[in-house]
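In what follows, a structure is listed as structure tokens, so that the remarks can point back to it.
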Protein chains: 2
Amino acid sequence: MTDVSGKKRVNLRDVAKAAGVSVATVSRVLNSPNAVTEKTRTRVQEVIDQLNFVPSAAARAINSGRTRFVGALVPTLDNAIFARFLAALERTLGEHQLSLVVATTNSDQELEANKAKGLLDIGAEGLIVSGITHSADLRALIDRARVPTIATSYFDKSCALPTIGYDNCGAALLALEHLYDLGHRRVAVVHGPAQNNDRTQDRIRGLKLFEQKTELSWVEAPIGLQGGAEAARQVLSHGPKPDAILCLSDVLAMGMLFGLQGMGVSVPQDLSLMGIDDLPGSAVTVPPLSTVHLPVHRMGEQAATALANWVEHDTRPDHQQLDAHLIVRGSTVRRKRNG
Amino acid sequence: MTDVSGKKRVNLRDVAKAAGVSVATVSRVLNSPNAVTEKTRTRVQEVIDQLNFVPSAAARAINSGRTRFVGALVPTLDNAIFARFLAALERTLGEHQLSLVVATTNSDQELEANKAKGLLDIGAEGLIVSGITHSADLRALIDRARVPTIATSYFDKSCALPTIGYDNCGAALLALEHLYDLGHRRVAVVHGPAQNNDRTQDRIRGLKLFEQKTELSWVEAPIGLQGGAEAARQVLSHGPKPDAILCLSDVLAMGMLFGLQGMGVSVPQDLSLMGIDDLPGSAVTVPPLSTVHLPVHRMGEQAATALANWVEHDTRPDHQQLDAHLIVRGSTVRRKRNG
DNA sequence: ATGAAAGCGCTAACAA
DNA sequence: TTGTTAGCGCTTTCAT
């Protein structure tokens, strides 16, 4: 702290002096209270409270090697799905007395590696990354520094990093199967930028597994309501009208809903529409959006807990698969005989 | 860093030894390069690069008092408006080599004070808070510790803290005047939880200034699409149908749009609808949303720059008012004679 | 311009 | 159980 204030911060020695004990004892009541007599402990604690003593995080870090914060690298804050994830992450890390430093990567692997390095340089004890595809630099960095690092939003037990996430491929398939079951055969798929985004790539891969049974067309659009709305135009202007539109994220689907509405296309009368994510708002759109629920909140909690344990007790977590499940609402209906 | 890895991190001494200079010299090329001969400087720099030396942030902090990070306290991440603000804040702080630690307060002043204390304890050099109303604890904390702190999302030059934000009262008024100009006299106002949220309170205050000229009714709803959608029911079930609905945030307005749509009410034919915020998605709703643009992105940039300068050069920033302006789109139209 | 050395506030051996 | 003391890696006088 740039001690602008006159009197400098109270330190261990001040407390020790005031309590009539040694610095070691004060340090003990802070770090291993059981190693101190109850009597001295309470006395010291009183002095600590009275003097409003707060141990210097820096001094502590330099000795114990603990900084008590971890870093999270996410593509963007500007998407409710990550914001929700981070909210849960932060809350749960807090329960473990860990702070969270957020860095956004804009889905740029080089930027991601740089920011990760920055986080490590300032002492991050662990890292949360999105997905399993990262630059060689970042992988080397994590390897070399042996930083506890968890990959999220993706489940892949063959990944070198522990993954905590869902099966993106399966989630997409869940959606497409639902549309298939409803009789839709011609499906337009709208997805965010696939480059540098393995979650999206994996969802696309899932859909391709189904390509014999359905006729798929593809549109890439920037994530966001705008992107979804603009995609509507593309979907309807090229080729024959699809039976259904599958957006690989809910914001895209909401944007699509507006886009279609603007063009006079009714959902689900004219075509079915689905998303993936299940944002809170997806239940109140008109019609309410069928989607695949992705448990990002739980993902945040589990990632936080796993990372905290790894950092604190050096216990590397196992991969954790979270369940993604279909949510059928009003935006998807059985295909009418003469569409 | 809990040095799990075998060989420990390179330190200043290692560099000094390898370069054949003293630790002081190495420290100098790091912190005041001009105080060193070009020759030695380059030589030392080479060794630094070669050994991949990164100064310990903790050790640096303990000496210089600099931790190079600041904290931001926001009500929630789960609202695009804050996410956008933080994105800009983070980006711009990065340009000043400052990291950002985010803490969410859930609009709870006590929680806010606790989290602020936590941030300060771990060495935050500055703070960004939302609004100007805070617990006595927090005010005392900021005062006592003399932490550079900027209040955002609110402009009030009489505030003890420098404020960087817009005139919430005026922004709301801008919206209501627009509705008034279109001939609307009966306006339902939908706002988020007002308790503990001075931005909302100030917007409400603004509207009340206009209460002689318009007949205002009030509905409070949780922020989010859901909240907005549910508010639709309330707005239309109590009392006579309003000429227009003014939502004090865009997400609420979007939710309202869905809610109305679900009830068979057309915007803007049956009534006009406005928001405040101007989210990117607000331009693509159907109809596109009239709103008041709040420059949160610029706010993030300016807050970051101001805080960075305060922290680095001890220059307390002035209050900065950002311009909020009306955006007229399709959701508001002139009131028809026989509504 | 450079180096030697004294800390910064704390933790962790080690001793008592 | 408690105290003494040696660092941790760096910055910063103060000499040279």
Side-chain angles (χ1 to χ4, degrees), chain A residues 1-5 7-45 47-48 51-68 120-123 125 312, chain B residues 1-5 7-45 47-48 51-68 120-123 125 312:
Chain A
M1 273 67 348
T2 332
D3 235 313
V4 188
S5 51
K7 41 206 69 181
K8 58 196 247 297
R9 211 168 129 157
V10 189
N11 65 21
L12 250 202
R13 227 182 4 259
D14 299 331
V15 176
K17 207 170 294 171
V21 296
S22 73
V23 290
T25 300
V26 180
S27 177
R28 279 186 200 107
V29 346
L30 255 29
N31 301 301
S32 36
N34 302 334
V36 178
T37 332
E38 169 152 8
K39 215 163 97 180
T40 37
R41 193 195 324 154
T42 46
R43 181 156 42 93
V44 170
Q45 190 58 59
V47 176
I48 286 177
L51 262 50
N52 223 310
F53 166 68
V54 175
S56 146
R60 190 166 249 186
I62 210 181
N63 287 289
S64 63
R66 300 288 320 268
T67 56
R68 306 216 68 91
L120 260 22
D121 287 352
I122 62 175
E125 294 190 60
E312 307 267 347
Chain B
M1 279 66 343
T2 333
D3 235 313
V4 190
S5 52
K7 41 207 69 184
K8 56 198 247 299
R9 217 168 125 154
V10 251
N11 63 21
L12 249 202
R13 222 178 11 255
D14 300 331
V15 176
K17 207 170 295 171
V21 296
S22 74
V23 291
T25 300
V26 181
S27 177
R28 279 186 201 107
V29 347
L30 255 27
N31 301 301
S32 35
N34 302 335
V36 178
T37 331
E38 168 151 11
K39 215 163 96 179
T40 37
R41 193 195 324 154
T42 46
R43 181 156 42 94
V44 170
Q45 191 58 58
V47 176
I48 287 178
L51 264 47
N52 222 310
F53 166 67
V54 175
S56 146
R60 188 165 252 187
I62 211 182
N63 287 289
S64 63
R66 301 288 322 268
T67 57
R68 307 215 69 90
L120 259 23
D121 287 352
I122 62 174
E125 295 189 59
E312 308 266 347

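Please read all numbers here as calculations on a predicted model, not as lab measurements. So that the names make sense, note that chain A is the first sequence line, chain B the second, and so on, each numbered from 1.
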Determine the minimum heavy-atom distance between A/Arg41 and A/Val36, stating which atoms define it.
NH2-O, 3.5 Å
Using every non-hydrogen atom in the two residues, find where B/Thr67 and B/Ala61 come nearest and quote the distance to one decimal.
CG2-CB, 4.0 Å
Tell me, which of residues 21-35 of chain B have any heavy atom that sits under 4.0 Å from an atom in DNA chain D?
B/Ala24, B/Ser27, B/Arg28, B/Asn31
Can you list everything that forms a side chain to side chain donor-acceptor pair (under 3.5 Å) with [X]? Sequence neighbours excluded, please.
X	value
B/Arg68	B/Glu312
B/Thr42	none
A/Thr25	A/Ser22
A/Arg60	A/Asn31

What is the distance, rounded to the nearest whole Å, between atom [atom1] of [X] and atom [atom2] of [N]?
X	N	atom1	atom2	value
B/Asp14	D/dC8	CG	P	11 Å
B/Ile122	C/dC10	CD1	P	16 Å
A/Lys17	C/dG9	NZ	P	12 Å
A/Asn63	D/dT5	CG	C1'	13 Å
A/Leu12	D/dT5	CG	C1'	14 Å
B/Ile48	D/dC10	CD1	C1'	13 Å
B/Arg66	C/dC8	CZ	C1'	16 Å
B/Glu38	C/dT2	CD	P	11 Å

At under 4.0 Å, does any side-chain N or O of A/Thr40 touch on OP1 or OP2 of D/dT2?
yes
Can you check whether B/Arg13 has a side-chain N or O nearer than 4.0 Å to OP1 or OP2 of D/dC10?
no
I want to check something: taking the side chain as every heavy atom from C-beta on, are B/Leu12 and B/Phe53 in contact at a cut-off of under 4.5 Å?
yes
B/Gly20 or B/Ile62, whichever maps to the more 5' nucleotide of DNA chain C:
B/Gly20
side-chain contact (heavy atoms from CB on, under 4.5 Å) for B/Val54 and B/Arg9? Distances and angles first, verdict last.
CA-CA 8 Å; B/Val54 175; B/Arg9 217 168 125 154; 3.9 Å; yes
Testing D/dC10, C/dA1, C/dC8 for proximity to the side chain of B/Thr37, the answer is C/dA1
Using atom types as modelled and distance alone, determine if a side-chain donor or acceptor of A/Ser64 lies under 3.5 Å from a backbone N or O of A/Arg66.
yes
Axial bend angle, the helix from C/dA1-D/dT16 to C/dA16-D/dT1: five-pair end segments, nearest 10°:
30°
